[in-house]
Peer 1: 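Can you read through this structure? Questions will come right after.
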Amino acid sequence: MKNKPNKPNKREFSLVEDDNSNTTDTTNTTNTNNTTEKLKVSKKTTNNNIKPKKNSVSNAFNNLQTFRTRLPIWKEQKNLIETVKNNETIIIIGEMGSGKSTQTPQFLLEAGLASNGSIAITQPRRVAAISLATRVAKEFGSKLGREIGYSVRFDEMTSNSTIIKYLTDGMLLRELLSDPLLLNYSIVILDEAHERTMRTDILFGMMKRAQEIRKSKMKPLKIIIMSATLNSEKFANYFNTAAILKISGRQFPVNIIYCTEPKSDYLDTAFTSIFQIHIEQPAGDILVFLPGQEDIEILEKLILENASAIPPEKPKIITCLLFAALPTEQQTKVFDPAPPGTRKVILSTNIAETSITIGNVKYVIDTGKCKMRKFNARIGMESLSVENISKNSADQRMGRAGREGPGFCYRLYTEEEYTKMEKETDPEIKRCNIASIILLLKALGIDNVFEFDYLDAPSRNLIKRAMEQLFILNALDNQGKISDLGKRMAEFPLEPTFARVLIASQYMGCIKEAIDIVSLLSVDSIFFTPQDQRENAMDMKRKFISPLGDLITYLNVLKSYEAHKGEVDWCGRNYINRRNMKHVIKVRKQLNQLCDRMNMSPTNTCGDDYETILKCLLFGFFRQSAILQPDNNYKVIVSSQNVNIHPSSTLFNKKIEVVMYAELVLTSKPYIKNVSAIQSNWIVDFAPKI
DNA sequence: CTCTCCCT
């Protein structure tokens, strides 16, 4: 649904309030951070009441224009326009602060290059799309949603007059379903291409294809690939003829300090580095990159236990934790400036590498580690393990110290170890389960998914495994062609298994419950339990628990959440992650609308007939069932793989005979999550497919 | 006895 451009602030009413207070909303994207500083200055002048308001508004506008002319990309304006006029595909390499994401579409628009369709510019993250559009609308001097708009899931600000549209890569992918050649656009810009999300990787191929087809139809499509760092040769070769443009950035120098010898314990090394910097180096906050929540919590404990060792004349240390599962209120604490006489130490996951930008960071400590999801196509199991980061990632982390002034980056590895790192992180498409991507390609008419023109092709095994999964779900026929069912599945913004469950729910008569559960499974967790409050959290959780397991428990939570209108206090008391519950509600609303359009009544319900609901879920998860062994472990029925019920599950240690699970990930052990109690004879109906 | 991150 499109918001009317003349009322850009009016949002659709929903049960929960708008999450504009989200951490990420207060942050800035890579390319707009410097500009926001300037914005604040000009805002101060507009608050001056002596001047008439109109003048101060235009002053602010003039300041914006002056600022634009000082961006590094401004000098390249003519060159850029000429290059785009003379080439079909252009690669722009612009460092942080170059202004490429905000200025490029404006330059092209002003040069009249968008006369045959608008300009789309994609971002890997929602907040980036929204904040860039907001910024550019201001620079353009028009209301957001009119000439300059954005489109992200659950939120669209566009109108018939929109000529520059910022969107998430996922949104542009969905647009392909109804407009495979993207005829709405004359120029498509794929920004942050170096991140190589599964979605941009598919867009590369689809764009290249659209460009070729449109050339013959005399409706040319310009493609612009933008990125901070990029293997530009590889991209240029892929797009046959591509012009390459390099633009300098606005980054302060960062001094890199390597370890002189390899360290075995990065937590211990991080700990000593923090204290060393704190004692010896001048003011400035410290940002530490760690692989995950557990390490973050251990390190915080270590710091607090040793805080008394700091000489009394030195500032005190305050710690801030930062990871995605942390409730919003705690995440936003990283933006509070450290009180006088203190130094802030931020202990963060990868989230601070790209998604959240924190001011006043002068020192970065890089453990060189991150957690990465990988998919083993041979055994069909995902894993999440601590890995060494790539050079690209290390440099990105380093850059976080040089945003506001010269900084320091302490790498907790040797220079030799750095040179041995992979140049860039493997693209997602080579290491994740690509079933949903393959289904999308099939739905887009790409029948031979092995021969699709990938920038980096996934292994044959990975594609085969995805097709097998889709075949088993009846999304593909035995020729590998997409079925009518598969086409319907592709319409849903869901993993194929979840889409299969939704479609089955019409037949089972529990559409409402299926939508609820699929929505609830669309977030990492609806609970949040701080380390030190586990017992209390368990007590509060007990009243929701169903003996049938996690999914029915989640349904109970959802009912209770709605009965309490999603109140902050109620969520806090019950250890419910409110941000994630709000997301659940939004997903549910979207699925309700989608089902309505597909003649599946979202009010169709089976009430409390949980057996029907769980049987319906088996349509997606029938291969994901496991049976209790004499040693109290479980064995996956179809693969004989040994698995364990994750300790966060309500069925942990409950010794249920047969269970169905929504997720299997190898971490410290192979863990199954989101587990339900089922009867073995329910699975028999699916036997031919097993 | 436990959960990198993002997207439709």
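It should be emphasised that the depicted structure is a prediction, and the values quoted were computed from it without experimental measurement. So that the names make sense, note that chain A is the first sequence line, chain B the second, and so on, each numbered from 1.
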Peer 1: Grab the NZ-P distance between K673(A) and dT2(B) for me, whole Å please.
Peer 2: 12 Å
Peer 1: So if I take every side-chain heavy atom of S668(A) and compare against dT4(B), dT2(B), dT8(B), which nucleotide ends up nearest?
Peer 2: dT2(B)
Peer 1: Among residues at least two apart in sequence or on other chains, which ones pass ring pair (Phe, Tyr, Trp, His ring centres under 6.0 Å) with F528(A)?
Peer 2: none
Peer 1: How many whole angstroms separate atom NZ of K586(A) from atom C1' of dC7(B)?
Peer 2: 14 Å
Peer 1: Is it true that D516(A) and Y554(A) share a donor-acceptor pair across their side chains at a distance under 3.5 Å?
Peer 2: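 Side-chain D/A pair, Y554(A) to D516(A): absent.
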Peer 1: Using a heavy-atom cut-off of 4.0 Å across all strands, would you classify M372(A) as base, sugar-phosphate, or nothing?
Peer 2: nothing
Peer 1: Provide, to the nearest angstrom, the distance between the CG atom belonging to L664(A) and the P atom belonging to dT2(B).
Peer 2: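 For the pair L664(A) CG and dT2(B) P, the rounded distance is 16 Å.
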Peer 1: Is the shortest side-chain N/O distance from S436(A) to OP1 or OP2 of dT8(B) below 4.0 Å?
Peer 2: no
Peer 1: Is the charged tip of K673(A) near the ring of Y661(A): under 6.0 Å from the six-membered ring centre and within 45° of its axis?
Peer 2: no
Peer 1: How about S649(A) and N674(A): does a side-chain donor come under 3.5 Å of a side-chain acceptor?
Peer 2: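 S649(A) vs N674(A): no donor-acceptor pair found between side chains.
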Peer 1: Taking the six-membered ring of Y418(A) (Phe, Tyr or Trp), confirm whether the NZ or CZ of R411(A) is under 6.0 Å from its centre and within 45° of its axis.
Peer 2: yes
Peer 1: Checking all strands, does T667(A) fall into the base, sugar-phosphate, or nothing category for heavy-atom contacts under 4.0 angstrom?
Peer 2: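 Sugar-phosphate contact only.
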Peer 1: Return the nearest nucleotide to the side chain of Q293(A); candidates are dT4(B), dT2(B), dC7(B).
Peer 2: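 Of the candidates, dT4(B) comes closest.
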Peer 1: So, is S385(A) close to the dT4(B) phosphate, meaning a side-chain N or O under 4.0 Å from OP1 or OP2?
Peer 2: no
Peer 1: Let me know the distance between CD of E192(A) and P of dC5(B), rounded to the nearest Å.
Peer 2: 19 Å
Peer 1: Among dT8(B), dT4(B), dT2(B), which is the nearest nucleotide to the side chain of M171(A)?
Peer 2: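 Closest nucleotide among those given: dT8(B).
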Peer 1: Return the 5'-most residue of the pair H583(A), C370(A) with respect to DNA chain B, ranking by each residue's nearest nucleotide.
Peer 2: C370(A)
Peer 1: Base, sugar-phosphate alone, or nothing: which one does V386(A) contact when heavy atoms must sit under 4.0 Å apart?
Peer 2: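 No contact.
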Peer 1: More 5' along DNA chain B: R199(A) or S648(A), using each one's nearest nucleotide?
Peer 2: S648(A)
Peer 1: Please work out if L384(A) contacts a base, only the sugar-phosphate, or nothing of the nucleic acid, heavy-atom cut-off 4.0 Å.
Peer 2: base
Peer 1: Tell me which nucleotide among dC1(B), dC7(B), dT4(B) gets nearest to the side chain of R373(A).
Peer 2: dT4(B)
Peer 1: Would you mind telling me which of dC6(B), dT4(B), dC3(B) lies closest to the side-chain atoms of N350(A)?
Peer 2: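 Looking only at heavy atoms from C-beta outward on N350(A), the closest nucleotide is dT4(B).
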Peer 1: Which part of the nucleic acid, if any, lies within contact of K669(A), taking any heavy atom under 4.0 Å across all strands shown: a base, the sugar-phosphate backbone alone, or nothing?
Peer 2: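 The answer is sugar-phosphate, as K669(A) gets under 4.0 Å only of primed atoms, P, OP1 or OP2.
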Peer 1: Hey, does the side chain of T354(A) come within less than 4.0 Å of dC6(B)'s phosphate (OP1/OP2), counting only N and O?
Peer 2: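 No, because none of the side-chain N or O atoms of T354(A) sits under 4.0 Å from OP1 or OP2 of dC6(B).
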Peer 1: Look at all strands and tell whether S525(A) reaches a base, only sugar-phosphate, or nothing, counting heavy atoms closer than 4.0 Å.
Peer 2: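 Since no nucleic acid heavy atom lies under 4.0 Å of S525(A), the category is nothing.
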Peer 1: Nearest to the side chain of R126(A), which nucleotide is it out of dC6(B), dC3(B), dT8(B)?
Peer 2: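 The answer is dT8(B), which lies nearest to the side chain.
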Peer 1: From the set dT8(B), dC6(B), dT4(B), return the single nucleotide nearest to any side-chain atom of T168(A).
Peer 2: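 Comparing dT8(B), dC6(B), dT4(B) against the side chain of T168(A), the answer is dT8(B).
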Peer 1: Between dT8(B), dC1(B), dC7(B), which nucleotide gets closest to the side-chain atoms of Y671(A)?
Peer 2: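 Out of dT8(B), dC1(B), dC7(B), the nucleotide with an atom closest to Y671(A)'s side chain is dC1(B).
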Peer 1: R199(A) and T168(A): side-chain donor and acceptor closer than 3.5 Å?
Peer 2: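 Short answer, no.
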Peer 1: Could you work out which one of dC5(B), dT8(B), dC3(B) sits closest to the side chain of F323(A)?
Peer 2: dC5(B)
Peer 1: Give the rounded distance in Å between these two atoms: CG of N674(A) and C1' of dT2(B).
Peer 2: 13 Å
Peer 1: Side-chain atoms of residues 381-388 of chain A: list all donor-acceptor pairs with protein atoms under 3.5 Å, sequence neighbours left out, distances to 0.1 Å.
Peer 2:
residue: E382(A); atom: OE1; partner: R373(A); partner atom: NH1; Å: 2.9
residue: S385(A); atom: OG; partner: E387(A); partner atom: OE2; Å: 2.7
residue: E387(A); atom: OE1; partner: K374(A); partner atom: NZ; Å: 3.4
residue: E387(A); atom: OE2; partner: K374(A); partner atom: NZ; Å: 3.4
residue: N388(A); atom: OD1; partner: K369(A); partner atom: NZ; Å: 2.8

Peer 1: Between E663(A) (CD) and dC5(B) (C1'), how many Å, whole number?
Peer 2: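 Spelled out: CD on E663(A) to C1' on dC5(B) is 13 Å.
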Peer 1: Remember a base hit wins even if backbone is also touched, and classify T197(A) as base, sugar-phosphate or nothing at under 4.0 Å, heavy atoms.
Peer 2: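 Here T197(A) touches no strand at all.
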Peer 1: Specify the separation, in whole Å, of atom CG of L167(A) and atom P of dT8(B).
Peer 2: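 Roughly 10 Å, once rounded to whole Å.
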Peer 1: Between dT2(B), dC6(B), dT4(B), which nucleotide has the shortest distance from any of its atoms to the side chain of A324(A)?
Peer 2: dC6(B)
Peer 1: Determine the contact category for F492(A): base if any of its heavy atoms lies under 4.0 Å from a base atom, sugar-phosphate if only primed atoms, P, OP1 or OP2 are that close, otherwise nothing.
Peer 2: nothing
Peer 1: In whole angstrom, give the distance that lies between atom CD of E195(A) and atom C1' of dC6(B).
Peer 2: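 Taking CD of E195(A) and C1' of dC6(B), I get 9 Å after rounding.
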